[in-house]
Asks: 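Got a structure for you, written out below as structure tokens; questions coming shortly.
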Amino acid sequence: MAVLIVILVVVVVLVGGAVLAYNGLVRRRNRTQEAWSEIDVELKRRHDLIPNLVETVKGYAAHERQTLEAVTNARSNAISAQQGGDVAQQAQAENVLSGALKSLFAVAEAYPDLKANQNFLQLQEELTSTEDRIAYARQFYNDSVLNYNNKIQVFPRNLLADTFNFEKRQYFEGDPEATGPVKVQF
């Protein structure tokens, strides 16, 4: 009888541990998905601000068509990549868009009237604020991915993760070339 009780206690402890581990994996997966949706919200906000910014700059720098078209095309590509669902592809498209925006702001520096325009200044401030929130959201997402990936790859949770198809997530990686200065040629 005592052996049966010990076996029953061991089984209950193992099942309880498996349930706790499973629930922990689900919480981390959900936190990672929530972190991704924060990035998504900020990227959509940036995509919505860009047409207003481009129109404001157009009024002052109409002959900078190539830069304006590059920003517009980069925005379109970023929106398309966002709908594709591939993290790596979306990160690449967003990095191209960030570079195009840096070029646009560099062009704006050449126009003193534009730099003093309230609409431009407000849009630039909103976009800068959005870029900061995107950077924070990316960091939070990557931290969540690291935590989640660690949990599903560490023994014995990896057995549970494999059984219930918890899949490894990709990081939202920046473009290594984006850290350099922006080159503007007139």
Side-chain angles (χ1 to χ4, degrees), residues 28-149 169-186:
R28 282 182 174 66
R29 180 179 60 196
N30 290 343
R31 184 174 294 135
T32 301
Q33 289 170 335
E34 188 255 341
W36 178 254
S37 61
E38 285 181 32
I39 290 175
D40 205 35
V41 165
E42 294 304 326
L43 292 177
K44 285 179 183 172
R45 182 171 192 265
R46 176 167 77 169
H47 296 163
D48 291 344
L49 287 171
I50 289 171
N52 295 329
L53 184 67
V54 168
E55 287 301 315
T56 303
V57 173
K58 268 186 188 177
Y60 286 88
H63 63 279
E64 301 293 347
R65 195 184 80 195
Q66 185 178 11
T67 301
L68 298 173
E69 286 177 359
V71 171
T72 304
N73 290 338
R75 175 186 177 263
S76 297
N77 292 339
I79 290 172
S80 297
Q82 190 175 32
Q83 294 167 350
D86 180 26
V87 174
Q89 183 181 7
Q90 186 174 359
Q92 177 62 30
E94 292 298 335
N95 289 332
V96 169
L97 179 56
S98 293
L101 286 172
K102 285 179 185 178
S103 295
L104 180 67
F105 286 130
V107 164
E109 291 291 319
Y111 296 91
D113 291 340
L114 175 60
K115 289 192 310 187
N117 179 284
Q118 284 303 115
N119 289 338
F120 177 76
L121 292 174
Q122 181 182 2
L123 287 167
Q124 186 177 23
E125 179 59 36
E126 284 186 46
L127 201 53
T128 300
S129 172
T130 300
E131 292 293 327
D132 291 343
R133 286 188 284 213
I134 290 170
Y136 175 77
R138 283 179 179 174
Q139 181 62 45
F140 182 73
Y141 172 76
N142 285 340
D143 289 346
S144 296
V145 167
L146 174 66
N147 196 336
Y148 172 75
N149 287 345
R169 299 291 174 122
Q170 292 179 332
Y171 291 103
F172 198 114
E173 296 180 10
D175 184 7
E177 295 174 12
T179 58
V182 177
K183 296 178 183 175
V184 178
Q185 296 176 346
F186 292 103

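Any value given below was found using the heavy atoms of this structure, including those in side chains, with hydrogens, waters and symmetry copies removed. Just so you know, residue 1 is the first one in the sequence shown, and it goes up from there.
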Asks: Decide yes or no for Arg133 and Glu38: does some side-chain heavy atom of the first lie under 4.5 Å from some side-chain heavy atom of the second?
Replies: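 Sidechains of Glu38 and Arg133: no contact.
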Asks: Hey, what do you get for CG (Asn95) to CD (Gln90), rounding to the nearest 0.5 Å?
Replies: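 The CG atom of Asn95 sits 10.5 Å away from the CD atom of Gln90.
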Asks: For Ser129 and Glu125, indicate whether the former's side chain and the latter's backbone hold a donor-acceptor pair under 3.5 Å.
Replies: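 Checked: no pair found.
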Asks: Report the distance from atom NE2 of His47 to atom CD of Gln82, rounding to the nearest 0.5 Å.
Replies: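 His47 atom NE2 to Gln82 atom CD measures 5.5 Å (nearest 0.5 Å).
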Asks: Does the side chain of Leu49 reach to within under 4.5 Å of the side chain of Leu53, using non-hydrogen atoms?
Replies: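 No, every pair of side-chain atoms sits at 4.5 Å or beyond.
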Asks: For Asp143, what residues pass the side-chain contact (heavy atoms from CB on, under 4.5 Å) criterion, not counting sequence neighbours?
Replies: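 If we apply the side-chain contact (heavy atoms from CB on, under 4.5 Å) test to Asp143, skipping adjacent residues, the hits are Gln139.
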Asks: Nearest 0.5 Å, please: how far is OG1 in Thr56 from CG in Leu123?
Replies: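 Here the interatomic distance stands at 5.0 Å.
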Asks: Measure the shortest side-chain to side-chain distance between Ser144 and Glu34 over non-hydrogen atoms and say whether it is less than 4.5 angstrom.
Replies: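 The answer is no, as the side chains (C-beta and beyond) never meet within the 4.5 Å cut-off.
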Asks: I need the minimum non-hydrogen distance between Ala93 and Asn77, along with the two atoms involved.
Replies: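 Closest approach of Ala93 to Asn77: CB-O, 3.9 Å.
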Asks: Could you tell me if the side chain of Leu101 sits less than 4.5 Å from the side chain of Glu131, heavy atoms only?
Replies: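 Counting from C-beta outward, Glu131 and Leu101 do come under 4.5 Å.
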Asks: May I ask you to test the Asn30-Gln33 pair for a side-chain heavy-atom distance under 4.5 Å?
Replies: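 Yes. Closest side-chain heavy atoms under 4.5 Å.
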Asks: Apply ring pair (Phe, Tyr, Trp, His ring centres under 6.0 Å) to Tyr141 and list each qualifying residue two or more places apart in sequence or on a separate chain.
Replies: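 Tyr141 satisfies ring pair (Phe, Tyr, Trp, His ring centres under 6.0 Å) with Trp36 only.
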Asks: Just how far is it from atom OG1 of Thr67 to atom CZ of Phe105, taken to the nearest 0.5 Å?
Replies: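 Going from the OG1 atom of Thr67 to the CZ atom of Phe105 covers 12.5 Å.
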Asks: Look up atom NZ in Lys102 and atom CG in Leu97, then write down how far apart they are to the nearest 0.5 Å.
Replies: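 Nearest 0.5 Å value for the NZ-CG distance: 11.5 Å.
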Asks: Ser98 versus Arg46: any side-chain heavy-atom pair under 4.5 Å?
Replies: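 A side-chain contact under 4.5 Å exists here.
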Asks: Going by heavy atoms in the side chains, are Asp86 and Gln170 under 4.5 Å from each other?
Replies: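 Side-chain contact under 4.5 Å: yes.
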Asks: Passes salt bridge (charged side-chain N to carboxylate O under 4.0 Å, His left out), Lys44 versus Asp40? Steps please.
Replies: CA-CA 6 Å; Lys44 285 179 183 172; Asp40 205 35; 3.5 Å; yes
Asks: Taking all non-hydrogen atoms of both residues into account, name the closest pair between Glu42 and Ile134 and its distance.
Replies: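 For Glu42 versus Ile134, the nearest heavy atoms are CB-CG1, 3.4 Å.
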Asks: Any donor and acceptor pair, going by atom type alone, linking the side chain of Asn142 with main-chain N or O of Phe172 inside 3.5 Å?
Replies: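 Present.
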Asks: Salt bridge (charged side-chain N to carboxylate O under 4.0 Å, His left out) for Glu126 and Arg45? Distances and angles first, verdict last.
Replies: CA-CA 10 Å; Glu126 284 186 46; Arg45 182 171 192 265; 3.7 Å; yes
Asks: Would you give the length of the straight line joining atom OG1 of Thr32 to atom CZ of Phe140, rounded to the nearest 0.5 angstrom?
Replies: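 Those atoms lie 8.5 Å apart.
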Asks: Counting heavy atoms not belonging to Arg31, are there more than 12 under 6.0 Å from its CZ?
Replies: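 No - once you tally the heavy atoms of other residues, nucleotides and ligands closer than 6.0 Å, there are 12 at most.
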